[in-house]
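Just follow the structure's listing: the first ligand is 1, and inside any ligand the first atom is 1. For the numbers below, each heavy atom of this structure counts, side chains included, while hydrogens, waters and symmetry mates do not.
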Amino acid sequence: MAEFKHKTPLIDQLETGPWTSFVSDIKREHESRMANPKGIDFQFEVECCDDLLGVLELSYEHGRTHWKHGGIVGVFGYGGGVIGRYCDQPEMFPAVAHFHTMRVNQPMGHFYTSEYLEQLMDLWERRGSGLTNMHGATGDIIFLGTSTPQLEEVFYELTHNINQDLGGSGSNLRTPSDCMGESMCEFACFDTQEFCYQMTMEYQDELHRPAFPYKFKFKFDGCPNCCVAAIARSDLSFIGTWRDDIRIDQEAVKAYVGGEIPPNGGAHASRDWGAFDIQKEVVGLCPTGCMRWDGSKLEINTPECTRCMHCINVMPRALRVGLDKGCSVLAGAKAPILDGAQMGTLIVPFIKVEEPYDEIKETVIEPIWDWWMEEGKNRERLGELIKRQGMQKLLEVTGFKAIPQMIQEPRSNPYVFWKEDEVPGGWKRDINEFRKYHQR
Ligand code: HEM
Ligand code: HEM
Ligand code: SF4
Ligand code: SF4
């Protein structure tokens, strides 16, 4: 058993309970580093895990962080990808005095081979702390903790030996991410992984070298279930959908009604909800009331269906998304800072997702960037620019026609702006002309 320098009574309590304990895991990594069975030539502090637990314990005691403000480090050629961090108690915890985070661009859908992960871990144990976050909220593989001199070394080995690049950070395109899509999900309306990968490759420059007023994120969901939460966590959200009929297998519907197939793929099997009642659980819950079940046949009135996914989620073996597939694009989602949280607002109801994706690049992504890069204020998210200059402006720059689907409800206030050329006679008026008809 390896020695621990720091007493950690508070965080030791987190080793109890059934959930996997991050404290136990970090302790195991410390023990492995101290024993060093593979004879690794450690390039970063051997005792970093011990000091990390020490500084964490101190933070639990004080109820405050012990990382200094900010930190600007990186690799040559790139403006982002590394989040610099320094401990504010470096004498007490010298092994985490530097503790930078490297963002490594994950493969789409987070599919790995053991061989690849072992290559990454061999590198990271040798040149970093051996600790990771699988994965960062944006999607990256997060290498947690190394020193400044190791950054170029890690980057060299990543790119030369593992053929792997860094992810994004700063005022740029961040690492795009996606749901697993067609690789494992029968609801997928486009190949999320391919599209996500192609956009990542297409915009490598925008990702590695910050050129924007602020951060910008893409996320790709194969259907409106939004498993990567594109609508809440990306400035441009691509969400799969379809335009034609939901495909209905009437025999399978009957099998659901007859109790042969459990609803929702068995998702609620752990409680007794009674026998499946198609009227109550599907038809009655359809948000638009566009379904009908007459006891032997299920009907869907396609023009009224909003593609909410409910019926398909409940009866995946009977109902399938249509064949005329594509995606909707929503813009402007962001966290609260500065002017309040936003989710994506619909800007393109339907667009085909087909290689080489020219239409999406040329009519959606790039016109929006051109506008925001010119007009966006320093540290203003796209969602905030849309609020400041108006949805109308966004439509002007993309060239999309305003249509009712872009709003939930029409405005209730009458503060309507008109363009001068829309108003007969324009804005230039002569007061003397007015006075001819109206005395003072
Ligand atoms: C000390 C480190 C970090 C700081 C100070 C930070 C700060 C912020 C701030 C201020 C926002 C809100 C942005 C806005 O609405 O204008 C935000 C959002 C977000 N950050 Fe971070 N962040 C950090 C690290 C990370 C990391 C490591 C990840 C994942 C790789 C990440 C992922 C996200 C996500 C997914 C959102 C929400 C979606 C969005 O509004 O973009 N952050 N972060
Ligand atoms: C032809 C007649 C009228 C004209 C040209 C007119 C014009 C205006 C203008 C230019 C403003 C300022 C709007 C702004 O904040 O930018 C205003 C505000 C206001 N007007 Fe009128 N107005 C008219 C009749 C009336 C009448 C009849 C009432 C009440 C019965 C009224 C009540 C108000 C109120 C309460 C505000 C303040 C609204 C606010 O800022 O929230 N106005 N009006
Ligand atoms: S978002 Fe839709 S397509 Fe993607 S994994 Fe989730 S359910 Fe499947
Ligand atoms: S997808 Fe939603 S709106 Fe469309 S028929 Fe099914 S439950 Fe109704």
Side-chain angles (χ1 to χ4, degrees), residues 106-111 135 137-139 176-197 199 217-234 236-250 252-253 256-257 263-268 276-294 297-330 333 343-344 346 349-353 405 408:
Q106 82 289 357
M108 308 303 71
H110 294 136
F111 286 95
H135 300 81
T138 297
S177 60
D178 61 345
C179 76
M180 62 173 94
E182 287 176 354
S183 65
M184 288 181 74
C185 180
E186 58 217 347
F187 300 162
C189 298
F190 65 91
D191 188 343
T192 53
Q193 296 188 53
E194 187 60 21
F195 189 21
C196 185
Y197 174 74
M199 292 304 99
K217 301 178 185 183
F218 289 154
K219 282 188 171 59
F220 304 88
D221 274 314
C223 82
N225 282 331
C226 272
C227 294
V228 78
I231 195 171
R233 312 192 297 153
S234 57
L236 270 187
S237 327
F238 300 86
I239 303 176
T241 188
W242 65 96
R243 287 190 288 203
D244 52 348
D245 298 334
I246 288 178
R247 286 172 285 162
I248 308 175
D249 176 344
Q250 298 292 351
V253 174
Y256 275 103
V257 173
N264 294 86
H268 307 299
F276 176 60
D277 178 345
I278 191 170
Q279 188 59 41
K280 192 171 137 215
E281 295 176 43
V282 182
V283 178
L285 292 181
C286 169
T288 65
C290 70
M291 306 184 84
R292 203 169 61 183
W293 168 248
D294 65 5
K297 193 162 177 260
L298 185 71
E299 282 176 328
I300 297 175
N301 180 17
T302 299
E304 293 301 318
C305 166
T306 60
R307 287 90 178 155
C308 75
M309 295 299 295
H310 176 70
C311 57
I312 300 174
N313 289 337
V314 177
M315 303 195 293
R317 284 172 64 184
L319 303 180
R320 302 184 67 190
V321 299
L323 291 169
D324 184 9
K325 299 184 243 188
C327 79
S328 303
V329 188
L330 293 86
M343 299 236 259
L346 184 73
F350 188 90
I351 195 163
K352 282 284 186 185
V353 185
Q405 283 87 337
Q408 191 161 18

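- Under 4.0 Å from ligand 3, the heavy atoms of Cys226 that appear belong solely to its backbone.
- In this structure, the side chains of Phe111 and Met184 come closer than 4.5 Å at one or more pairs of heavy atoms.
- Atom 3 (S) of ligand 4 has as its closest protein heavy atom Thr306 N, 3.4 Å.
- Looking at Glu186 and Arg317, their side chains never come closer than 4.5 Å, going by heavy atoms from C-beta outward.
- Scanning all protein heavy atoms for the shortest distance to atom 6 (Fe) of ligand 3 gives Cys227 SG, 2.2 Å.
- In summary, the atoms of ligand 4 found under 4.0 Å from a heavy atom of Cys311, numbered by their order in the structure, are 1 (S), 5 (S), 6 (Fe), 7 (S).
- Those atoms of ligand 3 that come under 4.0 Å of a heavy atom in Asn225, given as number and element, are 7 (S).
- Arg247 CZ: more than 12 foreign heavy atoms inside a 6.0 Å radius.
- The nearest heavy-atom contact from the protein to atom 8 (Fe) of ligand 4 is Cys286 SG, 2.3 Å.
- Residue contacts to atom 4 (Fe) of ligand 4: Cys305 brings an N, O or S atom closer than 2.8 Å.
- Proximity to Met291 (heavy-atom distance under 4.0 Å) selects the following atoms of ligand 4: 5 (S).
- Contact annotation: for Glu304 versus ligand 4, there are no heavy atoms closer than 4.0 Å.
- Among protein heavy atoms, the minimum distance from atom 2 (Fe) of ligand 3 is reached at Cys223 SG, 2.3 Å.
- Here is the list of ligand 3 atoms found below 4.0 Å of a heavy atom in Ala188: 3 (S).
- In summary, an N, O or S atom of Cys185 is located under 2.8 Å from atom 8 (Fe) of ligand 3.
- Minimum heavy-atom separation, Lys280 to Leu285: O-CG, 3.5 Å.
- Shown in contact with Cys308 at under 4.0 Å from a heavy atom are these atoms of ligand 4, numbered in order with element: 1 (S), 2 (Fe), 3 (S), 7 (S).
- Aromatic ring orientation, Phe190 versus Phe195: perpendicular (interplanar angle above 60°, classes split at 30° and 60°).
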